[in-house]
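What you see is a predicted model, and the numbers here were worked out from it, not measured in a lab. Side chains included, hydrogens not; waters and symmetry mates left out as well; all remaining heavy atoms used.
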Protein chains: 2
Amino acid sequence: MHGPRAQRPDTGVDSGGQTRERLLDVAERLFASRGFAATSVRRITRDAACNLAAVNYHFGSKLGLYEEVFRRRLEAVRDQRLAAIRRAATIQPGPGALEEVLYIFASSFIEPLVGESHGRMLTELMGREMLDPHLPPEMFRGEIAGPVQEALTQALCRTTPGLSVDAARLCVQSITGQLVQTAQRVRRQSATPMAGPPLTIVVDHIVRFSAAGVRASVGGAPAGSPHGRPQRS
Amino acid sequence: MHGPRAQRPDTGVDSGGQTRERLLDVAERLFASRGFAATSVRRITRDAACNLAAVNYHFGSKLGLYEEVFRRRLEAVRDQRLAAIRRAATIQPGPGALEEVLYIFASSFIEPLVGESHGRMLTELMGREMLDPHLPPEMFRGEIAGPVQEALTQALCRTTPGLSVDAARLCVQSITGQLVQTAQRVRRQSATPMAGPPLTIVVDHIVRFSAAGVRASVGGAPAGSPHGRPQRS
DNA sequence: TGACGACTCATACGATCGTTTGAGATGATG
DNA sequence: CATCATCTCAAACGATCGTATGAGTCGTCA
């Protein structure tokens, strides 16, 4: 029992915590680009120029480091994304308001993927955690995905008269599904360059596609099939 | 150099190939439920009640086994899915034809997930390979995903007058994005039961949402923003 | 019968993994 | 100075991984 055992040691030493921060930075980059399982503690500590045991000392385990990587960014990301949605939600209902909400959301989701490496890493990290979870469920879904999806749900309801909450939730799933797939495509595309439409085209398409889809979801969707499931079959 | 080295030995021995088939069956199940990296050769050979070295003897390597698991099912799956789309493509254009195409496609994508375990494994396998590729790119995308997406693109063009091929391709991405996300949700839901709307509701929503999205994609989508990107920003 | 190919077997190899250990360095505190 | 907590270090531990090796079993055929 040497270390603080995944407890912040709240040290006062000047150089204390430098290794800790370096580990978090390096781990964030590696986890984002390779995933949790494919990133070894040895590689992290080598890139961070510190000892192998530092991970276990500061974070208790590899998983503890992974959780702390997320925890460090949780509030910032959630607040930023919620702010974007709230910014969109203040728009008074009217023609084009739905498109504006969708465009803001899609951009805030996709944009970090193209430019600098900071937000990009974070988005890739989130995407990986969505597909292959290692965090306790209440941490990721409860702290990030949940509030964001709920906020988008409300924004959709506000800008689309007649849209029920249940239908809006389904629409949110449809929208995030498209965005996650696009993010995956971008990630793989950066690894091995392949053909594909530029991102601005894709975002524009998703906005237009989804706006129509949302508007078509008003009405008695959940239970029956008002406009009719196809006649045959 | 003992074995056939990933070459079908086309043996005539009565019991020859029994181990091979058992390995393929067990590996298919394990790869589907746990993924490639998380499935060890030792677990496969243990479940198949054969020796550890059998994998390397029959398939050359773990990756060779993985490829053969796919190769064994490639034609059947592709033909089945293409048949479903062609069945949908024969529908003469008209009101509701687009919904019918989408419903057939979505059902053929989602339905194997719920019922028996055979098609379910395959769908999970495909989903995993989409997200975390291990196969040579020309094998998966070229043999399955490519033809299917191309067929759906043409079916959309046929049932939606004025839809350009480029726009249709974007729509296909939107549709598959929703379906893949739904498949992921089903997979995780089967592991840890959580709340969520029943699948029939989700499929109905995807059909309605996507039909509206497709119809909204006719017109000069690719380059400009005919109906306007949101005014501000 | 004896040689041969096909196949399975137990076992070992080398590598990598996450984690643990105990000693040493450092700086604040009494 | 002595003490103590904080932090870093080299080194090792035990486990698991994919793969390789060589002997052994069995059916076929000259």
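A salt bridge links R72(A) with E21(A): at least one charged nitrogen is closer than 4.0 Å to a carboxylate oxygen.
Among residues two or more places apart in sequence or in another chain, the ring pair (Phe, Tyr, Trp, His ring centres under 6.0 Å) test is passed with F36(B) by F31(B), Y66(B), H134(B). By the side chain to side chain donor-acceptor pair (under 3.5 Å) test, Q181(A) is found to be paired with Q173(B), T176(B), residues two or more places apart in sequence or in another chain being considered. R73(A) meets the side chain to side chain contact (heavy atoms under 4.5 Å, CB included) test with D25(A), E28(A), V77(A), H118(A), L122(A); sequence neighbours excluded. Partners of R43(B) according to the side chain to side chain contact (heavy atoms under 4.5 Å, CB included) rule, which considers only residues two or more places apart in sequence or in another chain, are L30(B), R34(B), S40(B), R46(B), D47(B).
Distance CZ (F59(A)) to P (dC7(D)): 11 Å, rounded to an integer number of Å. Put simply, CZ on R22(B) is 10 Å from C1' on dT8(C), counting in whole angstrom units. Rounding to whole angstrom units, CG of residue L23(B) and C1' of dC9(C) are separated by 14 Å. Taking atom CG of residue N51(B) and atom C1' of nucleotide dA12(C), one finds them 13 Å apart after rounding to whole Å.
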Distances under 3.5 Å only, N/O to N/O: pair up the protein atoms with those of nucleotides 15-19 of chain D.
| unit_1 | atom_1 | unit_2 | atom_2 | d |
| --- | --- | --- | --- | --- |
| dG18(D) | OP1 | T39(B) | O | 3.4 |
| dG18(D) | OP1 | K62(B) | NZ | 2.6 |
| dG18(D) | OP2 | V41(B) | N | 2.8 |
| dG18(D) | N7 | R42(B) | NH1 | 2.6 |
| dG18(D) | O6 | R42(B) | NH2 | 2.7 |
| dT19(D) | OP2 | K62(B) | N | 2.8 |

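Residues from residues 25-35 of chain B that place a heavy atom under 4.0 Å from any atom of DNA chain C: there are none.
Contact between the side-chain N/O atoms of H58(B) and the OP1/OP2 oxygens of dA6(C) is not found at any separation under 4.0 Å.
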| Audit row: L170(A), I201(B), side chain to side chain contact (heavy atoms under 4.5 Å, CB included) steps and yes/no | CA-CA 9 Å; L170(A) 287 171; I201(B) 300 284; 4.0 Å; yes
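Contact annotation: the side chain of I175(A) approaches that of L156(A) to within less than 4.5 Å [non-hydrogen atoms, C-beta and beyond].
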